[in-house]
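In what follows, a single structure is set out as structure tokens and then discussed.
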Number of protein chains: 4
Amino acid sequence: MIAGIIGAAGYAGSELVRLLAGHPRIDRLVLGSVSRGGERIEEIYPNFWGKISAPLVSPGEVIAAAVQSGGVHAGVVFAALPHGVGEPYAKACVEQGVSFIDLSADFRFGDDEAAYTAWYGKAYQYPELRRRSVYGLPELYRNRIRELAAAGPVIIGNPGCYPTAASLGIFPALARGLAALDGAGPGIIVDAASGISGGGREPARAYHFPECADSVSPYKIGEHRHTPEISRNLGAMRPLTAAGLGPVKPGSPVPVIFTPHLVPMNRGILSTIYIPLAGAWKSAGMDSVQPQPEETGEKLQEIRKIYAEFYRDEPFVRVLPAGTVAATGRVRHSNFCDISVHADRRGTTLIVISAIDNMVKGAAGQAVQNMNILLGFEESDGLGAIPALF
Amino acid sequence: MIAGIIGAAGYAGSELVRLLAGHPRIDRLVLGSVSRGGERIEEIYPNFWGKISAPLVSPGEVIAAAVQSGGVHAGVVFAALPHGVGEPYAKACVEQGVSFIDLSADFRFGDDEAAYTAWYGKAYQYPELRRRSVYGLPELYRNRIRELAAAGPVIIGNPGCYPTAASLGIFPALARGLAALDGAGPGIIVDAASGISGGGREPARAYHFPECADSVSPYKIGEHRHTPEISRNLGAMRPLTAAGLGPVKPGSPVPVIFTPHLVPMNRGILSTIYIPLAGAWKSAGMDSVQPQPEETGEKLQEIRKIYAEFYRDEPFVRVLPAGTVAATGRVRHSNFCDISVHADRRGTTLIVISAIDNMVKGAAGQAVQNMNILLGFEESDGLGAIPALF
Amino acid sequence: MIAGIIGAAGYAGSELVRLLAGHPRIDRLVLGSVSRGGERIEEIYPNFWGKISAPLVSPGEVIAAAVQSGGVHAGVVFAALPHGVGEPYAKACVEQGVSFIDLSADFRFGDDEAAYTAWYGKAYQYPELRRRSVYGLPELYRNRIRELAAAGPVIIGNPGCYPTAASLGIFPALARGLAALDGAGPGIIVDAASGISGGGREPARAYHFPECADSVSPYKIGEHRHTPEISRNLGAMRPLTAAGLGPVKPGSPVPVIFTPHLVPMNRGILSTIYIPLAGAWKSAGMDSVQPQPEETGEKLQEIRKIYAEFYRDEPFVRVLPAGTVAATGRVRHSNFCDISVHADRRGTTLIVISAIDNMVKGAAGQAVQNMNILLGFEESDGLGAIPALF
Amino acid sequence: MIAGIIGAAGYAGSELVRLLAGHPRIDRLVLGSVSRGGERIEEIYPNFWGKISAPLVSPGEVIAAAVQSGGVHAGVVFAALPHGVGEPYAKACVEQGVSFIDLSADFRFGDDEAAYTAWYGKAYQYPELRRRSVYGLPELYRNRIRELAAAGPVIIGNPGCYPTAASLGIFPALARGLAALDGAGPGIIVDAASGISGGGREPARAYHFPECADSVSPYKIGEHRHTPEISRNLGAMRPLTAAGLGPVKPGSPVPVIFTPHLVPMNRGILSTIYIPLAGAWKSAGMDSVQPQPEETGEKLQEIRKIYAEFYRDEPFVRVLPAGTVAATGRVRHSNFCDISVHADRRGTTLIVISAIDNMVKGAAGQAVQNMNILLGFEESDGLGAIPALF
């Protein structure tokens, strides 16, 4: 089995290289770059010396190699490119029977070109490609990926890093009716932190060490492009719940407030998610300023069970036991999403913490997970890394 | 003028030493420690070599030196001690005519011993001391400090680091009626991050470099002791607003959700504060997933003006212009609280970012500011440090 | 095949757990602790949740499990304990036919109890155990390990982290006669930097985040315990060279100057090694202050070839090409030792940079490598991690 | 008194702004930039909001303002520009009677244009300017600065950051005859580490957070441009010693091996300096591998006294007592150079650790110190910051 990577010289691309080089079902990697063809991957990433040695070829050569590997699903092409660049490659792939896993936002919005255009400022080049595309959050769309794959080559829109962490933290609450989404309140708030690698490999002021080390900086408040992606995910989670969750139409985007922060660490995304609890799940009101009552603790225990049960068969979601709080340092270099479940002092709001490695479950690892589903491999193939504490 | 410091060997104490050693009105520092008497400050803090050289004496000797410095307000004693330890020193000071600035929580709750006991697990030792005590957030209680000082020695309960950043970020919104606090919603959410120095000088697992570097960790979710302090501050801010802000009685604590995070940086506290906007300040509803409309921007501009106006005469609050987001790295080593004002995409929620240096405006600097007010100095004496970017 | 780990709760122990849990030839792990028996590894290291779940048992139970696994070399016991504690366990193992891989210094000095006692302040408990022990630097003693293993159970004294990086950087220079060791000069200087995890899991002032972040601190100058270990390694490398290298007797310790520094990073050891070049390898003297002449570059190229040739068949030593400088960030989480070869401006001194991950090649990884040699596995089994750049 | 700064938008320039804004003798700052004229300093450095507010003007306007401030020494111009750019500004200044303090390398080499050209690849534009220039290491050239200033405007070549730390650590050893510089050995080795701010404000791969955080990287081994500057300083220190120190002519450059490393911290330079001890100062030889003998300790104590005595009257050099090792974290934001004195185990080599804040004593602070000397102020005016531990 051949895997091709277009955009191998960037951070997400190089993580794909690292993960796929150790994948038991991939026999050959073909690495490509739009602008750095001719260079070698081990010169760009000297950490690969002695393990991976390959030239960067053109995107066309990557696709050609994958095509020549045989029929549908004998090869696959990944693209880790800027938004708005990869559609022609996607088109070439599916036309020649090869699936395409895209780490940009180009295939994350499906039919909803309007949303894509509103936030990314571009039109779809080949709208019809969305007929074969699916949003690659396996916990939500695993079956859809398989369905599409049964019918031919597939385009997977690999989720953004923030939307992955946020959505997995919120999914059980929506699916199991824990959330009060009556439209009046602020709804769900996702306060998130990212390691600096999320900014990519290109040097820039915001990622210059002296400007970001020893500081924490919120950015793009109220206007980050991952907001509509999270909103759409939340909408898709709602049909699973009982009818009557509120005025928002099943399937339509659920408003969310999303605030990202840059934190001086290499990797990781942490979401601190505030979900208003539905009536039955609220503790009795407490007006005075007292510590958290027992009642909250008991309801929380039940909610924790619901979360654990919800993700019981998921290979990459760990619902942590009471007393352990999710933190980015514990999922380092792994494909895990850690989730811990808490409440505010008064028991009005569910506070979910979710943590992922932004480059693995937030990008390349999830892409490999999608490939595994797509090609019928074990879902955890090549993703067995045990997180190191540091 | 003599300043004495009990607890000079801890981080907050050593910051007091650093700031007071450069204070133009303090002629003499007397440094004390409960447990390390006999050691020298420059041996415990070699960074002080050649600038500050002094033995640590007993708390009694610190108080005696301050007392001998002359009448009321000729000396002052600071205490940077664990909670529940300093009351006897406070008593000894005020009985002998010396003001006492306490960096623990012991005098932050005034008459409300019940709240203190509920969260700190201790009773007041000398409840009557609260008759001469005041909560030392100068922006809120500056005049009260002066009133008390006119009548004799004062005890100042210096605020916690998180409550300082959170309260300053919320104050104008409450005082100017921007917030909808109808009791139904989650109310105000304070999502905060702290540098590791907030944990003090005693080594512990959570602050051990390999456990906290390169990771972000929420902690004490729903149960951090600064929650009731913030709630009380918010209550005190409400009387300034027009009547009818909601069901909460003016002056009574305002519920708040507070989630602290540990971030791998030395100093700094950042609060990301979510305040539901009152009707007039909301943008018209937007259900679809679109970028922030102009309307939101215009209302925001007005709110920013209100904030700027509100803090116009404050020497240590900087309301940043549009386009600049508060970050801890820009207040480093200074007594500034930086505030930037934003909104969510739909214009339903005011998002305020406030940033302080946790050891300066969040502890020692604010204590010096309180001393300046108390003793009739220029409020910025000794606090002129220009923040370094790194 | 069973592997037992005594001291699994420390940092080195937990790295052994992480590596051995992914080892293709180890069927079962038995984890032990001297002081934390009864706790579970996944509670102490929540990063292991869902991957590794095991109670910590007593050292005796660890040994018993390994013994019951079958004859010689059907099981193995690792010990990651403080110095001076593990000899009884080593004795129990070898007496019952099980090999013992010790990460403390207790078996690094072989017959030379005097050196051990001089630096570690303890006597050997069972000196006779050294008859079956070998210093576990595979690049130097691989064959000796095999010889001993052929005759029964073996005790391996796993090298220190600094000595591993330093020795591998110096080995080819001594073995190929590049170094001038005439005894008159300062000899070889090893200036080294370590990440904070080298200090272990126990919190202490020196590893407290605010004390070590954003600073670099030399320590134990002229008196670090790894000095005699490096000296002894260098002595052992000399017999490989032509006769007449200088006054130091072949095999006797070679004096070395070793200065360790603490650097604010999680992992990694970097050695900057200064080796006086032997006459033939020196460039012609240059007294004026000019940039490096071409001649130096040419000799350097030859030396680089010698180094590359020397380590050609080593699975874990990477001699980097000209233009690439070894750095700790490129060996992260891998068992590699990266080496780059340079010279001073005048061409008098060979400057070798070597970099390892202190917890892997500097501790647990090398221990696994030793186990692989000992038990006849592929030397790289379980050690295939491709370094991530961050 | 007016101070003008050309190049105020860079890191060194902004540190000049920060320090001079708090200088008691500077009444007015005029900030200039070659390429960013028209922008405001508080927009480029939002940390300055509310403290410093000024437009960036052209270099010509900076000079004109300084000229108009009155006669010689009524104004001064600083330049923090790339190498090879500032000579015309220097010329304009001195011709109009204004002194010029240059933070580039252009005036560090005095008459020795050959050395400058060999390392910086440029010729002098106005060689004759060197008649009024002096190397601005106050501890070595304080009197020379005063002499020149008595005769008219002066050009000061402010030292490089590495040369400052290295030279101050070596100066007493050369001046007091502690060093054996017979030309045969490698001579003096300076192994140094720098915080990332040393690379300036322009984003680049090497300073991109994910590439440099959590790693230590040597660079420009054997070819860093600060090498000849250190060599020249050492030569200048030699005439102070007794005759016959070796074959190198008094005053001629002393060869030095210099290896810089990039360390993940914001600020600071640490030099670990290896100086071969002259015969009388060596301990008796020790061939066996034993810990450091008492004799070494005694000689070291004497050497420490010599160092302390040597710098007794220096306001910014702190020779630390036995038991304390210099570290960058203890000079943070101050103009101090901390020095601690050690030896190798065998007592053959003096190991000196020197630590500075690279942006203060290594750049802007030293420039202010030079200005103070030049203009007859107190040498410590504006440089009184007490180092914070973090």
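Predicted model, so just to flag it, every value in this text is computed and none were measured.
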Using a cut-off of 6.0 Å, state whether more than 12 heavy atoms not belonging to D/Glu39 lie near its atom CD. yes

Proximal component of D/Tyr11, with respect to chain B [non-hydrogen, under 4.5 Å]: side chain

What residues of residues 193-202 of chain B make heavy-atom contacts with chain D at a cutoff under 4.5 angstrom? B/Ser197, B/Arg201

Taking every heavy-atom pair that is under 4.5 Å apart, which of B/Gly22, B/Pro315, B/Pro321 has the most such pairs with chain D? B/Pro321

With a 4.5 Å cut-off on heavy-atom pairs, point out which of B/Lys51, B/Glu15, B/Glu43 contacts chain D the most. B/Lys51

Do you know which of B/Ser14, B/Gly50, B/Pro46 has the most heavy-atom pairs with chain D at a distance under 4.5 angstrom? B/Pro46

Measuring heavy-atom distances to chain B, does D/Leu19 have an atom under 4.5 Å in its side chain, in its backbone, in both, or in neither? neither

Is it the backbone or the side chain of B/Phe336 that comes under 4.5 Å from a heavy atom of chain D, or both, or neither? side chain

Under 4.5 Å from any heavy atom of chain D - which part of B/Arg318: side chain

Measure distances from B/Leu320 to the heavy atoms of chain D and classify the residue's part below 4.5 Å as side chain, backbone, both or neither. side chain

First locate atom CE of D/Met265, then atom CG of B/Asn266, and finally report the distance between them rounded to the nearest 0.5 Å. 12.5 Å

By residue number, those in residues 383-390 of chain D with heavy atoms under 4.5 Å from heavy atoms of chain B are D/Gly384, D/Ala385, D/Ile386, D/Pro387, D/Ala388, D/Leu389, D/Phe390

Measuring from atom CZ of B/Arg332 to atom NE2 of D/His333, what distance do you get when rounded to the nearest 0.5 angstrom? 6.5 Å

